[in-house]
There are 2 protein chains.
Amino acid sequence: MSLPNATPSLFTYFNSIQKISSNAEEALKAISFLIETPKNKHVQEIGQTCRTYYFVTAGLARIYYLKDGIEVTEYFAFENDMIIRAESLFTGNPSKKAIQAIEKTKLIGIPASKLEILFNSFPEIERLFRKIMEASYVSYVNRMESLQFHSAEERYIQLISDFPELLEKIPLKHISSYLGITQVSLSRIRANIR
Amino acid sequence: MSLPNATPSLFTYFNSIQKISSNAEEALKAISFLIETPKNKHVQEIGQTCRTYYFVTAGLARIYYLKDGIEVTEYFAFENDMIIRAESLFTGNPSKKAIQAIEKTKLIGIPASKLEILFNSFPEIERLFRKIMEASYVSYVNRMESLQFHSAEERYIQLISDFPELLEKIPLKHISSYLGITQVSLSRIRANIR
DNA sequence: CCGATCCTTTTACATTTGTTAAATAATCAT
DNA sequence: ATGATTATTTAACAAATGTAAAAGGATCGG
């Protein structure tokens with residue numbers, strides 16, 4: 001189903017990245033669909049091939065996968081954040097990862113196949129998505145830098161300073177694996193800095 | 001200076017990502033320039049704002065920065081690899097990082113300002129760069145996954161299995177910081193698996 | 001409210017990695 | 001070639017993180 005009338009703030013956000021004509025915006029909305037997911041429900045399951053760009057418009061979602069049977073959180077997405085399983089979407093391979101709503105969450109989905117057709121008629125939409133990719137790339141470069149050269153304690157302090165709301169919304173076990181450490185280790189760090 | 005006549009293999013590589021017309025290719029070549037850098041010479045210094053996309057066409061380069069006075073290698077670029085200081089190029093902020101040739105290296109530089117003008121007349125070039133960004137994004141997602149959830153020993157073994165030539169070409173101290181560990185720790189790991 | 005389940009912390013110990021310093025080994029400029 | 005510089009390894013000890021198990025806390029459905 002395409003989008004209801006109410007213009008989601010996502011498109012305001014899109015326009016702040018790359019101004020697009022109302023024609024282009026309508027075309028983009030026409031291929032978009034809205035999903036509402038209850039807490040803990042999966043948006044996409046492990047093993048599926050990803051053919052959709054998702055953006056969180058309300059709530060909070062994560063990407064995770066299983067390492068030795070343990071859930072490992074790779075990414076959190078807040079309002080306006082893109083959430084894609086890139087290693088599947090951009091290669092066509094099935095994804096080892098899942099997308100899950102952490103709380104009641106609204107997402108806008110954009111099918112890659114339809115989007116690619118729009119790219120042909122609306123270069124401005126392709127530009128928008130190029131810029132979104134650039135910004136996502138930068139955020140991964142920065143995250144890698146943080147993993148490579150900051151201690152777990154520094155990473156934790158940075159994370160909760162960037163996203164104070166995380167602590168109320170996300171179980172610590174997700175936060176620990178996101179930081180690349182065990183739950184026990186995170187508990188120790190929290191005890192230390194208290 | 002724009003490119004000499006000999007078509008660098010980089011453009012063959014570009015065409016394998018996104019077929020572009022010969023018009024577009026000529027336009028892209030017209031704004032590109034070739035750099036030859038001797039071993040250990042900097043292509044870009046710390047503190048400069050990055051306004052150029054670089055691609056390695058021969059040799060080998062790295063991005064590094066200083067953490068507590070110690071050089072930390074963030075990225076290695078081999079033939080056909082893009083090498084950009086994204087956190088500067090895509091934000092306009094001065095970069096804390098440097099690009100340095102590890103051996104005698106040839107690079108093709110493409111000024112961002114001129115490229116953006118080309119994007120307006122050649123959507124296929126914009127598409128090419130969108131796809132390059134996608135691929136770069138995927139490679140950073142994968143690297144982050146490796147840093148987050150594999151031991152230093154696993155990461156080292158994986159790295160030399162992916163790029164066996166690294167060991168002959170790159171000092172171990174660069175490899176250790178790339179892996180997110182100290183030189184001493186890498187030495188121990190190497191002694192262990194021998 | 002109650003028991004079951006899940007989340008978080010704590011403890012004790014093992015392993016990995018960091019730090020500092022020294023010893024070799026390799027490389028480079030003269 | 002020779003000495004100086006740089007790179008790598010080794011050693012000893014400190015600090016950080018992992019593992020396993022247990023104990024509290026919190027949450028949820030009935």
Side-chain angles (χ1 to χ4, degrees), chain A residues 38-42 60 62 64 66-73 76 98 100-104 144-160 165-194, chain B residues 38-42 60 62 64 66-73 76 98 100-104 144-160 165-194:
Chain A
K39 185 171 177 171
N40 293 332
K41 175 110 179 287
H42 283 88
L60 176 51
R62 66 169 182 144
Y64 78 91
L66 298 175
K67 154 115 180 162
D68 305 329
I70 293 174
E71 286 185 7
V72 151
T73 297
F76 294 119
Q100 183 189 34
I102 292 177
E103 53 185 39
K104 184 164 176 287
M144 222 203 45
E145 186 179 319
S146 135
L147 270 171
Q148 219 176 344
F149 306 112
H150 293 98
S151 69
E153 182 174 316
E154 289 170 323
R155 301 201 297 275
Y156 174 71
I157 291 172
Q158 185 64 48
L159 183 69
I160 58 175
E165 71 276 27
L166 231 77
L167 283 182
E168 289 113 56
K169 294 184 172 178
I170 303 183
L172 287 173
K173 62 172 184 172
H174 294 166
I175 294 177
S176 62
S177 72
Y178 178 85
L179 292 170
I181 56 178
T182 61
Q183 215 181 134
V184 175
S185 197
L186 179 56
S187 246
R188 255 185 311 230
I189 287 168
R190 284 161 54 81
N192 253 337
I193 65 183
R194 213 185 308 136
Chain B
K39 185 170 177 170
N40 293 331
K41 176 109 179 286
H42 282 88
L60 176 51
R62 67 171 182 142
Y64 78 91
L66 297 174
K67 154 115 182 161
D68 305 330
I70 293 174
E71 287 186 7
V72 151
T73 296
F76 295 119
Q100 183 189 34
I102 292 177
E103 53 185 40
K104 183 163 177 288
M144 222 203 45
E145 185 180 321
S146 136
L147 270 170
Q148 217 175 347
F149 306 112
H150 293 98
S151 69
E153 181 174 316
E154 289 171 323
R155 301 201 297 276
Y156 174 70
I157 290 171
Q158 185 65 48
L159 184 68
I160 58 174
E165 72 275 28
L166 232 77
L167 284 181
E168 290 113 55
K169 295 184 172 178
I170 304 182
L172 287 172
K173 63 173 182 172
H174 294 167
I175 295 177
S176 63
S177 71
Y178 178 86
L179 291 170
I181 55 178
T182 60
Q183 214 180 134
V184 176
S185 198
L186 178 57
S187 246
R188 256 186 310 233
I189 287 168
R190 284 162 52 82
N192 254 336
I193 65 182
R194 214 185 307 137

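Each chain gets a letter, A, B and so on, in the order its sequence line appears, and its residues count up from 1.
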>> Please give me every residue in residues 175-186 of chain B whose heavy atoms get under 4.0 Å of an atom in DNA chain C, ordered by residue number.
In response: B:G180, B:I181, B:T182, B:V184, B:S185
>> If I compare all heavy atoms of B:I189 with all of B:I181, which pair ends up nearest, and what's the gap?
In response: CD1-CD1, 3.9 Å
> Residues in salt bridge (charged side-chain N to carboxylate O under 4.0 Å, His left out) with A:K104, at least two apart?
Replying inline: A:E36
> For every nucleotide of nucleotides 22-30 of chain D, 5' to 3': is a protein heavy atom under 4.0 Å from its base (B), only from its sugar-phosphate (S), or from neither (-)?
Replying inline: ---------
>> Going by ring pair (Phe, Tyr, Trp, His ring centres under 6.0 Å), name the residues that satisfy it together with A:Y156, two or more places apart in sequence or in a different chain.
In response: none
>> Please enumerate all residues that pass side chain to side chain donor-acceptor pair (under 3.5 Å) together with A:T73, with sequence neighbours excluded.
In response: A:R62
>> Contact list please: residues 147-159 of chain B against DNA chain D, heavy atoms, distance less than 4.0 Å, in numerical order.
In response: none
> Can you name the ring pair (Phe, Tyr, Trp, His ring centres under 6.0 Å) partners of B:H42, sequence neighbours left out?
Replying inline: B:Y64
> Taking only residues two or more places apart in sequence, or in another chain, which ones meet B:E153 in a side chain to side chain donor-acceptor pair (under 3.5 Å)?
Replying inline: none
> Bend across the helix from C:dC1-D:dG30 to C:dT30-D:dA1, to 10°, with axes taken over 5 pairs at each end?
Replying inline: 50°
> Near DNA chain C, which residues from residues 187-194 of chain B have a heavy atom under 4.0 Å away?
Replying inline: B:R188
>> Taking any atom closer than 4.0 angstrom to a non-hydrogen atom of chain A, what span of DNA chain C does the protein reach, first nucleotide to last?
In response: C:dC7 to C:dA12
> Can you name the residues that form a side chain to side chain donor-acceptor pair (under 3.5 Å) with A:Q148, not counting sequence neighbours?
Replying inline: none
